[in-house]
Amino acid sequence: MQIGVESARAVENRRIFVVDTDEIIRAALQFMLHDENEAHEIDSIEAALKKAADWPPDLVLVGQGLLQSAGPDALSPLREALGDTPLVLVGDGAEPAVAAAVAAGVHAGTGLPLRLEPVRETVDRALGRA
């Protein structure tokens with residue numbers, strides 16, 4: 001079922017990687033985004049880099065679970081491999097790992113709890129959509 005989807009975006013097919021160690025967060029984000037984007041759930045930075053070699057993403061969502069387990073330096077390999085591809089953090093801004101990543105210059109962020117409209121709005125901004 002498509003909820004509030006513009007047909008132009010549904011056929012645009014932008015590729016988004018949802019990278020987090022939390023399976024529930026990954027699934028929720030993939031569900032929220034799959035109507036307007038090609039969203040892929042990925043559980044590690046290494047798997048994201050491997051997939052990006054063949055299918056480069058237009059955007060990468062990084063969850064706080066991944067930052068908590070791997071630390072904010074975990075984003076460095078993504079930045080090096082993906083260049084200007086926007087990285088969007090998903091998590092609580094008060095969480096130290098998330099705050100450190102924001103201070104390091106991550107493009108954008110969306111908070112918890114996840115809600116459909118704010119998540120889509122954040123993704124659209126990061127992709128340069130009006």
Side-chain angles (χ1 to χ4, degrees):
M1 170 178 22
Q2 295 185 333
I3 303 167
V5 176
E6 294 181 28
S7 59
R9 289 187 183 159
V11 297
E12 185 182 32
N13 205 28
R14 304 290 291 269
R15 185 174 297 127
I16 297 174
F17 288 0
V18 179
V19 186
D20 198 352
T21 55
D22 187 326
E23 182 178 357
I24 294 169
I25 297 292
R26 284 195 324 260
L29 288 166
Q30 193 276 338
F31 178 77
M32 290 178 182
L33 298 171
H34 82 277
D35 287 337
E36 295 181 346
N37 304 282
E38 178 186 327
H40 300 266
E41 292 181 54
I42 304 173
D43 64 356
S44 70
I45 297 289
E46 295 78 21
L49 292 171
K50 184 176 179 183
K51 189 169 198 148
D54 295 327
W55 294 24
D58 297 300
L59 174 72
V60 179
L61 293 171
V62 179
Q64 82 177 24
L66 182 78
L67 293 176
Q68 288 170 332
S69 64
D73 293 336
L75 299 180
S76 296
L78 279 175
R79 284 192 160 165
E80 290 172 18
L82 302 177
D84 293 335
T85 302
L87 300 178
V88 174
L89 291 178
V90 178
D92 179 4
E95 176 66 35
V98 173
V102 169
V106 173
H107 292 92
T110 187
L112 297 174
L114 297 174
R115 292 189 314 262
L116 182 67
E117 291 305 320
V119 167
R120 285 186 178 174
E121 184 178 300
T122 299
V123 167
D124 286 345
R125 271 196 318 268
L127 289 172
R129 295 174 175 159

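If you read the sequence from its start, that first residue is 1, and numbering goes on from there.
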Task: Verdict with reasoning, Asp22 to Gln68, per side chain to side chain contact (heavy atoms under 4.5 Å, CB included) - done: CA-CA 11 Å; Asp22 187 326; Gln68 288 170 332; over 6 Å; no
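- By the 4.5 Å heavy-atom criterion applied to side chains, Glu36 and Asp124 are counted as neighbours.
- With contacts defined as side-chain heavy-atom distances shorter than 4.5 Å, the pair Pro57/Leu82 qualifies.
- Val123 places none of its side-chain heavy atoms less than 4.5 Å from the side chain of Val88.
- You'll find the side chain of Val119 stays beyond 4.5 Å of the side chain of Val90, heavy atoms only.
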- [ ] Determine, step by step, whether Lys51 and Arg15 satisfy the side chain to side chain contact (heavy atoms under 4.5 Å, CB included) criterion, reporting the C-alpha distance in whole Å, the side-chain angles of both residues, the deciding distance to 0.1 Å, and the verdict.
- [x] CA-CA 11 Å; Lys51 189 169 198 148; Arg15 185 174 297 127; over 6 Å; no
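- For the atom pair Leu66 CG and Ile45 CD1, the distance stands at 4.5 Å (nearest 0.5 Å).
- Scanning for salt bridge (charged side-chain N to carboxylate O under 4.0 Å, His left out) contacts around Glu46 gives an empty result, with sequence neighbours left out.
- Among all heavy-atom pairs drawn from Phe17 and Trp55, the shortest one is CZ-O, 3.2 Å.
- The CG atom of Leu29 sits 12.0 Å away from atom CD1 of Ile24, with the distance rounded to the nearest 0.5 Å.
- Taking hydrophobic clusters as Ile, Leu, Val, Met, Phe, Trp and Tyr residues chained together by side-chain heavy-atom distances below 4.5 Å, Leu116 shares a cluster with Leu112.
- The two residues Ala101 and Val106 have their closest heavy-atom pair at O-CG2, 3.1 Å.
- Heavy atoms only, all atoms of each residue included: Ala48 and Ile42 are closest at N-CG2, 3.4 Å.
- Side-chain contact check for Leu78 versus Leu49: some heavy-atom pair is nearer than 4.5 Å.
- Counting only heavy atoms from C-beta outward, the side chains of Leu33 and Leu61 approach each other to under 4.5 Å.
- If you take CZ on Arg115 and CD on Glu121, they are separated by 10.5 Å, rounding to the nearest 0.5 Å.
- Atom CG of Leu59 sits about 10.0 Å away from atom OG1 of Thr122, to the nearest 0.5 Å.
- With sequence neighbours excluded, no residue forms a side-chain hydrogen bond (donor to acceptor under 3.5 Å, both in side chains) with Gln30.
- In terms of modelled atom types and a separation under 3.5 Å, the side chain of Asn37 and the main chain of Ala39 share no donor-acceptor contact.
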Task: Chi angles and distances behind the side chain to side chain contact (heavy atoms under 4.5 Å, CB included) call for Val18, Ile25 - done: CA-CA 9 Å; Val18 179; Ile25 297 292; 5.8 Å; no
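- Summarising the geometry, atom CG belonging to Asp58 is positioned 7.5 Å from atom OG1 belonging to Thr85; distances are rounded to the nearest 0.5 Å.
- Of the possible donor and acceptor atoms, one in the side chain of Arg26 sits under 3.5 Å from a partner among the backbone N and O of Asp20.
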